[in-house]
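Notes follow the structure.
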Amino acid sequence: MPQRIPFHAPTPDPGSRHREYDRNRRDAESKRFYNSTEWKAVRRIKLRESPLCELCLQAKPRRLNLGSHVHHVVELRDAPSLGLVLENLQTLCHGCHSRLHAARKPRP
């Protein structure tokens, strides 16, 4: 019986998806905000002061996941003045951040 020829697909660059989003779907104003020195400094402060996912810590049973995203509780487009306010920021893991945004998107 003939053996199947192994197929090795090149692994995509992990940052390419984010670059594609920035290039094609993010508006210029929010792109400018997320690339600003002020946002990067506030994001670093938030991750340093609360490194674990805040939603996972509140879950039952409690989970300990490292936070990788800093999420605006009140969306940046709804209240730009709260963009750099620490009380409006939440540390989330990738899964919780994706779930929150998927729940907020209107389904067609």
Side-chain angles (χ1 to χ4, degrees):
M1 182 152 162
Q3 286 188 338
R4 198 170 142 209
I5 299 172
F7 175 77
H8 298 285
T11 56
D13 174 21
S16 66
R17 185 184 61 168
H18 302 294
R19 281 191 296 274
E20 186 275 329
Y21 177 80
D22 274 348
R23 197 175 311 118
N24 300 318
R25 292 190 285 168
R26 179 173 279 165
D27 63 47
E29 189 176 327
S30 64
K31 185 176 180 180
R32 203 171 20 258
F33 174 80
Y34 287 116
N35 286 326
S36 73
T37 306
E38 294 85 5
W39 166 248
K40 290 177 182 178
V42 169
R43 181 182 186 280
R44 227 180 353 263
I45 290 167
K46 182 62 180 176
L47 287 172
R48 208 175 303 132
E49 96 177 7
S50 111
L52 298 176
C53 175
E54 295 175 29
L55 290 182
C56 288
L57 287 173
Q58 296 170 1
K60 301 288 183 210
R62 188 172 147 173
R63 299 183 307 261
L64 297 177
N65 286 326
L66 194 60
S68 56
H69 295 276
V70 176
H71 174 73
H72 288 92
V73 177
V74 177
E75 295 276 343
L76 184 62
R77 68 175 165 258
D78 297 336
S81 62
L82 296 177
L84 299 173
V85 177
L86 283 172
E87 290 76 26
N88 186 44
L89 300 176
Q90 195 174 31
T91 302
L92 300 176
C93 65
H94 178 74
C96 288
H97 189 253
S98 295
R99 239 185 331 278
L100 269 179
H101 280 280
R104 291 181 184 183
K105 280 185 184 173
R107 304 269 171 169

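For this chain, numbers begin at 1 and follow the sequence in order. A quick note: this is a predicted structure, and the numbers were derived from the prediction, not measured.
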(message) Apply side-chain contact (heavy atoms from CB on, under 4.5 Å) to residues L82 and H72 and explain how you reach the verdict.
(response) CA-CA 8 Å; L82 296 177; H72 288 92; over 6 Å; no
(request) Decide yes or no on side-chain contact (heavy atoms from CB on, under 4.5 Å) for L92 and L55, but give the supporting numbers first. (result) CA-CA 7 Å; L92 300 176; L55 290 182; 3.6 Å; yes
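When each of H101, H94, R99 is paired with H97, the side-chain contact (heavy atoms from CB on, under 4.5 Å) condition holds for H101 and for no other.
Counting only distance, with no hydrogens or angles, the side chain of D78 and the backbone of V74 share no donor-acceptor pair below 3.5 Å.
Hydrophobic clustering (side-chain heavy atoms under 4.5 Å, transitive across Ile, Leu, Val, Met, Phe, Trp, Tyr) groups L86 together with F33. Residues V73 and L100 do not share a hydrophobic cluster, clusters being chains of Ile/Leu/Val/Met/Phe/Trp/Tyr side chains in contact below 4.5 Å.
Expressed to the nearest 0.5 Å, how far CZ of R62 lies from CG of L57 amounts to 5.0 Å. Atom NE2 of H69 and atom SG of C96 lie 10.0 Å apart (nearest 0.5 Å). Note that the SG atom of C93 and the CG atom of L64 stand 11.5 Å from one another [nearest 0.5 Å]. To the nearest 0.5 angstrom, N65 atom CG is 4.0 Å from C56 atom SG.
Residues satisfying the salt bridge (charged side-chain N to carboxylate O under 4.0 Å, His left out) test with E29, not counting sequence neighbours, are none. Residues satisfying the side-chain contact (heavy atoms from CB on, under 4.5 Å) test with V70, not counting sequence neighbours, are W39, R43, K46, L47, L89.
Screening residues 81-93 for side-chain hydrogen bond (donor to acceptor under 3.5 Å, both in side chains), with sequence neighbours left out, gives S50-T91.
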